[in-house]
Amino acid sequence: MASNMFPEEELTCGVCSDIYKDPVVLTCSHNVCRDCLPKFWQENDCKKCPEELNVNIEDVKQKLTKFNQFKFNFQRAADFIQVQAQDTENQIRQEFEKMHQFLRDEEATRIAALKEEEEQKTQMMKEEIEDVDIVIKDILASIRRAERRYTMMVQDDVRFLKKYKGNVKKPKRNLKDPERLPGTLINVAEHLGNLKFKVWEKMKDIVQYVPVTLDPNTAHPQLSLSEELTSVTHIDEAQDLPDNVERFDKLSNVLGSEGFASGTHCWEVEIGEGNFWGLGVRTESDQRKGQFSSSSRVWSVSHADGW
């Protein structure tokens, strides 16, 4: 019944003359089997089909090139991430090692002070004990003499009384009651009181707060940042860095890692002996690629060879 509705030539391929198998409709309105496409383009001089094909192929090639470039950039970024992570880990370990060393030194200093106090007060107690031992010996000797005199008095009270004055001897030292000394124990409160706070306060002397930390992911390849991300130097040869979205590629710029939306802000910046420098603020959404455009929103001060 279908053959009565459509002429036979409309159901057969113009290349193989068989009923369509997986038919394809070309932009030039030709219909062929998908497998017959190569032969159709070879045997037919349809300008519209070869032009359309070339255009499509060029578009696909351009897209292929673009995707290959993206893949290359992604691979570079993946490799760079490994380097970044390792370098950052090393710097973190170095910074913590400095703090750990400070804490170890501070711990050793405070334990040494405790040991010194322990030795001083232990020595003081030894000296006091030695003095008390001498007094105790004198007291024991006096007691023994008194006991001997008492025994003599009982045996011959008259003879003892005659010789009493000669037998009486004064004690070697003035026997006063012993006195307790203040501050004999370890001053635990001095060693432990607010220990963490005192160490933290002392640690502040070895660290420095910087109001602006530079973001290396935004730095132009010819800008070299210090390990602490606090200073920047322009170099002649560009570094091999990923061309990520945040990075400036034409202008020698680098942004701070923290932005702000309101308030009053100020900084002190050392510019060294450079002949050219610029410092300012810009919107986060402003362009990073190419030169400044008329829509760029930048507020800055700069210096270049005397002007």
Checklist line | Met203 to Leu103 - nearest heavy-atom pair and separation | finding: CE-CD2, 3.7 Å
Next item on the list: Determine whether the side chains of Gln91 and Asp87 contain a donor N or O and an acceptor N or O closer than 3.5 Å.
Entry: no
Checklist line | Gap between atom CG of Leu223 and atom CG of Leu251 - 0.5 Å precision | finding: 10.5 Å
Next item on the list: Could you identify which residues cluster with Leu255, counting Ile, Leu, Val, Met, Phe, Trp and Tyr as linked when any side-chain heavy atoms lie under 4.5 Å apart, either directly or through a chain of such contacts?
Entry: Phe248
Notebook entry, point to check: Between His191 and Leu195, is a side-chain contact (heavy atoms from CB on, under 4.5 Å) present by the stated rule, with each step listed?
Noted result: CA-CA 7 Å; His191 292 287; Leu195 177 60; over 6 Å; no
Next item on the list: Look up atom NZ in Lys137 and atom CG in Leu140, then write down how far apart they are to the nearest 0.5 Å.
Entry: 10.0 Å
Notebook entry, point to check: Counting only N and O atoms by type, is there a donor-acceptor contact under 3.5 Å from the side chain of Arg34 to the main-chain atoms of Pro23?
Noted result: no
Check: Where do Asn90 and Gln86 land on the side chain to side chain donor-acceptor pair (under 3.5 Å) test, with the steps shown first?
Finding: CA-CA 6 Å; Asn90 291 339; Gln86 188 60 53; 3.1 Å; yes
Notebook entry, point to check: Hey, is CD on Glu237 packed in by over 12 heavy atoms from elsewhere, all under 6.0 Å?
Noted result: no
Next item on the list: Kindly give the heavy-atom pair with the smallest separation between Ala219 and Leu225, and that separation in Å.
Entry: CB-CD1, 3.9 Å
Notebook entry, point to check: Would Glu97 and Arg104 satisfy salt bridge (charged side-chain N to carboxylate O under 4.0 Å, His left out), going step by step from the backbone distance to the final call?
Noted result: CA-CA 10 Å; Glu97 177 56 30; Arg104 287 193 291 267; 2.5 Å; yes
Checklist line | salt bridge (charged side-chain N to carboxylate O under 4.0 Å, His left out) partners of Glu106, counting only residues at least two apart | finding: Arg110, Lys202
Next item on the list: Grab the two heavy atoms, one from Glu117 and one from Leu185, that are nearest each other, plus how far apart they are.
Entry: OE2-O, 3.9 Å
Notebook entry, point to check: Same cluster or not: are Leu114 and Leu192 linked, directly or through other Ile, Leu, Val, Met, Phe, Trp or Tyr residues, by side-chain heavy atoms under 4.5 angstrom apart?
Noted result: yes
Item checked: Mutual orientation of the aromatic rings belonging to Phe74 and Phe70 [parallel < 30°, tilted 30-60°, perpendicular > 60°] -> perpendicular
Notebook entry, point to check: To the nearest 0.5 Å, how far apart are CD in Gln123 and CD in Glu118?
Noted result: 12.5 Å
Note to self: Could you check whether any side-chain N or O of Asn68 sits under 3.5 Å from a backbone N or O of Leu64, counting only pairs where one atom can act as donor and the other as acceptor?
What the structure shows: yes
Next item on the list: Mind listing the closest non-hydrogen atom pair of Lys289 and Asn244 along with its distance?
Entry: NZ-O, 2.7 Å
Item checked: Between CD on residue Glu107 and OG1 on residue Thr109, distance to nearest 0.5 Å -> 10.0 Å
Notebook entry, point to check: Do Met125 and Ile136 share a hydrophobic cluster (ILVMFWY, side-chain heavy atoms under 4.5 Å, transitive)?
Noted result: no
Checklist line | Approximate separation, where rounding is to 0.5 Å, of Ile134 CD1 and Ile139 CD1 | finding: 12.0 Å
Check: Is Thr218 reaching over with its side chain to a backbone N or O of Asp215, donor-acceptor style, under 3.5 angstrom?
Finding: yes
Item checked: side-chain contact (heavy atoms from CB on, under 4.5 Å) assessment of Asp138 paired with Val135 -> CA-CA 5 Å; Asp138 287 347; Val135 173; 5.6 Å; no
Check: When you look at Arg93 and Glu89, which way does the salt bridge (charged side-chain N to carboxylate O under 4.0 Å, His left out) test go after all the steps?
Finding: CA-CA 6 Å; Arg93 291 184 183 279; Glu89 179 181 341; 3.0 Å; yes
Note to self: Does the Lys NZ or Arg CZ of Lys196 fall within the cation-pi geometry relative to Trp200 - under 6.0 Å from the ring centre and within 45° of the axis?
What the structure shows: no
Item checked: NE2 on His220 to OG on Ser252, rounded to 0.5 Å -> 4.5 Å
Checklist line | Transitive ILVMFWY side-chain link Leu279 to Trp299, under 4.5 Å | finding: yes
Next item on the list: Salt-bridge test for Glu201 and Lys198: reply yes if a basic N is under 4.0 Å from a carboxylate O, no otherwise.
Entry: no
Checklist line | Residue pair Asn187 / Lys121: nearest heavy atoms and the distance that separates them | finding: N-NZ, 4.2 Å
Checklist line | Same cluster (ILVMFWY, side-chain, under 4.5 Å), Leu241 and Val254 | finding: no
Notebook entry, point to check: Is a side-chain N or O of Ser300 found less than 3.5 angstrom from the main chain of Gly278, in a donor-acceptor match?
Noted result: no
Next item on the list: Taking all heavy atoms of Ser224 and all of Ile235, pick out the closest pair and write down the distance.
Entry: CB-CG2, 4.0 Å
Check: Any sub-3.5 Å donor-acceptor pair from Asp249's side-chain atoms to Gly290's backbone N or O?
Finding: yes
Item checked: Salt-bridge contact Asp240-Arg76 (side-chain N to carboxylate O under 4.0 Å) -> yes
Next item on the list: Kindly work out whether a path of hydrophobic side-chain contacts (I/L/V/M/F/W/Y, heavy atoms less than 4.5 Å apart) joins Met124 to Ile129.
Entry: no
Next item on the list: With sequence neighbours left out, write down each residue that passes salt bridge (charged side-chain N to carboxylate O under 4.0 Å, His left out) with Asp205, or none if nothing qualifies.
Entry: none
Notebook entry, point to check: With side chains defined as the heavy atoms from C-beta onward, is the minimum distance between Arg288 and Glu246 less than 4.5 Å?
Noted result: yes
Notebook entry, point to check: So, do Thr230 and Leu214 sit near enough that their side-chain heavy atoms are less than 4.5 Å apart?
Noted result: no
Item checked: Side-chain (Gln239) to main-chain (Pro221) donor-acceptor, under 3.5 angstrom -> yes
